[in-house]
Trainee: 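Shown below is the structure under consideration.
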Amino acid sequence: MSRLLAFGEVLVDWIPLELQRQGRLEIPIYGQFPGGAPANVAVAVAELGQSAYMLGQVGADPAGDFLRDCLLRQQVNCDYLLRSEQQATPMAFVSLDADGERSFTFQRSDSADLKVKASSFPLSLFQEPGIVHVCSNTLTEAEIAMTTMSLLANARQAGMLVSFDVNLRLPLWQDTSALVKRVMALAGLSDMLKLSQQEWDYLTEQLAVKELDASLFALGVQVILLTNGGEAVQLLLPKQRISLTPPQLEVVDTTGAGDAFTGAWLACLLEQNIHSLPALKQALVQPQALQQALTYAVHAGALAVTKAGAWSALPNADELNAFIQAKE
C-alpha cells in the first residue's frame with residue numbers, strides 16, 4: 001500500500017484560550033495543542049483514509065510523549081518519530097493582539113527536531129511506493145538542511161515522489177542569507193511544490209526573475225500549486241495552467257486551511273496511485289486526475305476554515321466527499 005512519509009517538525013502550540021483576573025493582573029490561560037506543518041499534513045492524510053507516517057524527532061520529555069500520543073490517536077504511524085535524550089521538544093507560543101491577529105514566538109533553539117540525522121532512517125523505509133512531504137522549516141539551519149537534502153535524495157533514488165510546501169516562517173530563520181539558496185536547492189529535489197502568493201512574490205523578488213514558474217520547472221519541478229487565501233488556486237503545469245476558485249463560506253478559523261489543502265491533495269494522489277515520477281508524468285499528459293486532486297484540495301481547505309482549530313478542523317473522507325457533491 002502506498003503511503004505518505006511526512007518529515008519535519010512536530011511541536012507543541014501554546015494557544016491563549018482566555019484571560020483570568022488575579023488582583024490587578026490579567027493572566028492568559030494557555031492550552032496545549034499539537035502542531036507543526038508536516039505533522040498537520042500527516043494527520044490530514046490519515047483522516048482521509050490514507051496511510052501516513054511521521055518522520056522526525058521529539059525530546060524524551062512530557063511534551064514529546066504528548067505529541068506522539070496525539071499522532072497515534074489520529075492513526076499516524078510513529079515508528080520513525082525518534083526520541084532524543086539530549087534535546088527538548090520544540091514549542092511555539094501564540095499571541096493575539098486586540099484585533100485577534102496572531103503572532104508567534106518559537107522555542108526551537110537546539111531542539112530535538114533540528115538534530116535528527118538522515119542515517120537514522122533505514123533505506124528500506126523508502127523502498128515501498130509513496131510520497132515524501134517536507135516543508136522549509138527543516139532548512140533553517142545547516143545541519144537539518146543537510147539531513148533534509150540527504151533524506152530526499154534517498155527517497156528520489158528509491159522512486160518515491162517528493163512534495164515540498166515552501167511554508168516560509170521567517171521568525172524561525174536566525175540568518176536569512178541562505179534561505180533562497182536552500183529553498184531552491186530543495187525545489188530541485190522536488191516533483192511537486194506548493195507556495196502561497198506571498199511566498200511566490202518573496203522568491204520572485206529575491207531571485208530577481210520575471211517568471212518564477214519557469215525557474216522552478218527548469219529545476220525539474222513537475223507541478224506547482226499556488227494558493228492565495230480565499231482567491232482562486234492555480235495549478236501550474238509545464239504546458240498548462242488550471243484555476244479553481246474555492247467555495248465562499250463563513251470563516252471561523254484559518255489555522256488548518258493550508259495543511260488541509262495539502263493533505264487532501266496528497267491523499268487524492270495516493271488514492272489514484274500517483275506516487276512515482278513516471279505516474280506523475282503520465283498524469284501530466286491527461287491531467288484529469290490532477291484536476292480531481294485539485295478539487296479535493298480546494299474543498300478541503302474551504303471546509304477547514306469553517307471550524308476552529310487545526311486538527312479538529314480537518315475533514316474526513318465522508319465529510320469531504322459529501323461537501324464536494326453538495327457544491328457540484
Side-chain angles (χ1 to χ4, degrees), residues 4-17 28-47 52-96 102-121 125 132-148 150-151 165 167-174 255-256 258-259 262-263 309-314:
L4 176 80
L5 306 181
F7 172 71
E9 75 282 0
V10 52
L11 50 78
V12 173
D13 282 330
W14 290 97
I15 300 175
L17 302 178
I29 306 301
Y30 280 78
Q32 177 178 325
F33 292 85
N40 295 345
V41 170
V43 171
V45 167
E47 193 69 25
Y53 285 60
M54 187 67 218
L55 279 59
Q57 186 167 249
V58 294
D61 50 33
D65 294 341
F66 164 75
L67 292 170
R68 180 184 299 274
D69 180 66
C70 289
L71 286 165
L72 290 172
R73 288 174 182 269
Q74 297 293 142
Q75 307 302 312
V76 174
N77 187 299
C78 292
D79 289 352
Y80 300 97
L81 180 59
L82 310 178
R83 299 175 83 243
S84 170
E85 297 289 344
Q86 289 75 40
Q87 285 86 28
T89 300
M91 299 187 184
F93 293 85
V94 181
S95 299
L96 302 177
R102 294 167 166 242
S103 61
F104 295 85
T105 303
F106 293 95
Q107 251 187 31
R108 199 181 176 230
S109 176
D110 197 39
S111 56
D113 62 309
L114 297 173
K115 300 302 179 181
V116 66
K117 306 291 186 184
S119 58
S120 300
F121 305 105
L125 179 61
V132 177
H133 177 71
V134 296
C135 302
S136 67
N137 292 340
T138 55
L139 300 179
T140 56
E141 297 183 10
E143 184 179 357
I144 189 61
M146 185 176 299
T147 294
T148 305
S150 297
L151 187 145
D165 182 354
N167 194 40
L168 288 180
R169 295 291 182 265
L170 294 180
L172 287 174
W173 292 76
Q174 295 182 1
T255 301
D259 296 325
T262 302
W311 293 9
S312 58
L314 298 172

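The figures that follow rest on heavy atoms only: side chains count, while hydrogens, waters and symmetry mates do not.
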Trainee: With sequence neighbours excluded, tell me which residues meet salt bridge (Lys or Arg N to Asp or Glu O under 4.0 Å) with Arg73.
Mentor: Asp69
Trainee: Please answer whether the main-chain N or O of Ile144 pairs with a side-chain N or O of Thr138 as donor and acceptor at a distance below 3.5 Å.
Mentor: no
Trainee: Please list every donor-acceptor pair under 3.5 Å in which a side-chain atom of residues 53-60 meets a protein atom from a residue at least two apart or in another chain.
Mentor:
unit_1, atom_1, unit_2, atom_2, d
Tyr53, OH, Arg3, NH1, 3.3
Gln57, NE2, Ala112, O, 2.8

Trainee: Flag the pair Thr140 / Leu114 as yes when at least one side-chain heavy-atom distance between them is below 4.5 Å, and no otherwise.
Mentor: yes
Trainee: Which atom pairs, one a donor and one an acceptor, fall under 3.5 Å between side chains of residues 4-16 and the rest of the protein, sequence neighbours left out?
Mentor:
unit_1, atom_1, unit_2, atom_2, d
Glu9, OE2, Asn137, ND2, 2.9

Trainee: The criterion is salt bridge (Lys or Arg N to Asp or Glu O under 4.0 Å); which residues satisfy it with Arg108, sequence neighbours excluded?
Mentor: Asp113
Trainee: Mind checking what makes side chain to side chain donor-acceptor pair (under 3.5 Å) contact with Gln32, not counting sequence neighbours?
Mentor: none
Trainee: Find out whether Phe106 and Met91 are in side-chain contact, i.e. whether some heavy atom of one side chain is under 4.5 Å from a heavy atom of the other.
Mentor: no
Trainee: Report the residues that fulfil salt bridge (Lys or Arg N to Asp or Glu O under 4.0 Å) with Asp65, sequence neighbours left out, ordered by chain and then residue number.
Mentor: Arg83
Trainee: Got Glu47 and Gln74 here, is their nearest side-chain heavy-atom distance under 4.5 Å?
Mentor: yes
Trainee: Would you please name every residue forming a side chain to side chain contact (heavy atoms under 4.5 Å, CB included) with Pro28, sequence neighbours left out?
Mentor: Leu19, Tyr30
Trainee: Can you give me the closest heavy-atom contact between Val76 and Ala46, atom names plus distance?
Mentor: CG2-CB, 4.0 Å
Trainee: With sequence neighbours left out, what residues match Ser136 under side chain to side chain donor-acceptor pair (under 3.5 Å)?
Mentor: none
Trainee: Going by salt bridge (charged side-chain N to carboxylate O under 4.0 Å, His left out), name the pairs with one or both residues in residues 28-42, residues two or more places apart or in two chains.
Mentor: none
Trainee: How would you list, by chain and number, every residue that makes a side chain to side chain donor-acceptor pair (under 3.5 Å) with Tyr80, sequence neighbours excluded?
Mentor: none
Trainee: List in chain and number order the residues that pass salt bridge (Lys or Arg N to Asp or Glu O under 4.0 Å) with Asp165, two or more places apart in sequence or in another chain; answer none if no residue qualifies.
Mentor: Lys194
Trainee: Does Glu143 offer a backbone N or O that forms a donor-acceptor pair with the side chain of Thr147 under 3.5 Å?
Mentor: yes
Trainee: Identify the two heavy atoms, one from Gly263 and one from Val45, that lie closest to each other, and give their separation to 0.1 Å.
Mentor: O-CG2, 3.5 Å
Trainee: Are any non-hydrogen side-chain atoms of Trp311 and Cys70 less than 4.5 angstrom apart?
Mentor: yes
Trainee: Please report the interatomic distance SG(Cys78) to CG(Leu72), rounded to the nearest 0.5 Å.
Mentor: 4.0 Å
Trainee: Using modelled atom types only, decide if a donor and an acceptor are shared between the side chain of Thr89 and the backbone of Gly64 within a distance under 3.5 Å.
Mentor: yes
Trainee: Using a 3.5 Å distance criterion without hydrogens, assess whether the side chain of Ser150 forms a donor-acceptor pair with backbone atoms of Met146.
Mentor: yes
Trainee: Could you pull out the closest heavy-atom pair between Ser111 and Pro90, with the gap in Å?
Mentor: OG-CB, 3.9 Å
Trainee: Ignoring hydrogens, what is the shortest heavy-atom contact between Ala44 and Asp259? Give both atom names and the distance.
Mentor: CB-O, 3.9 Å
Trainee: Which is it for Asp110 and Lys115 under the side-chain contact (heavy atoms from CB on, under 4.5 Å) test, yes or no, and what are the steps along the way?
Mentor: CA-CA 7 Å; Asp110 197 39; Lys115 300 302 179 181; 2.7 Å; yes
Trainee: According to side chain to side chain donor-acceptor pair (under 3.5 Å), who are the partners of Gln87, at least two apart in sequence or on a separate chain?
Mentor: Ser84
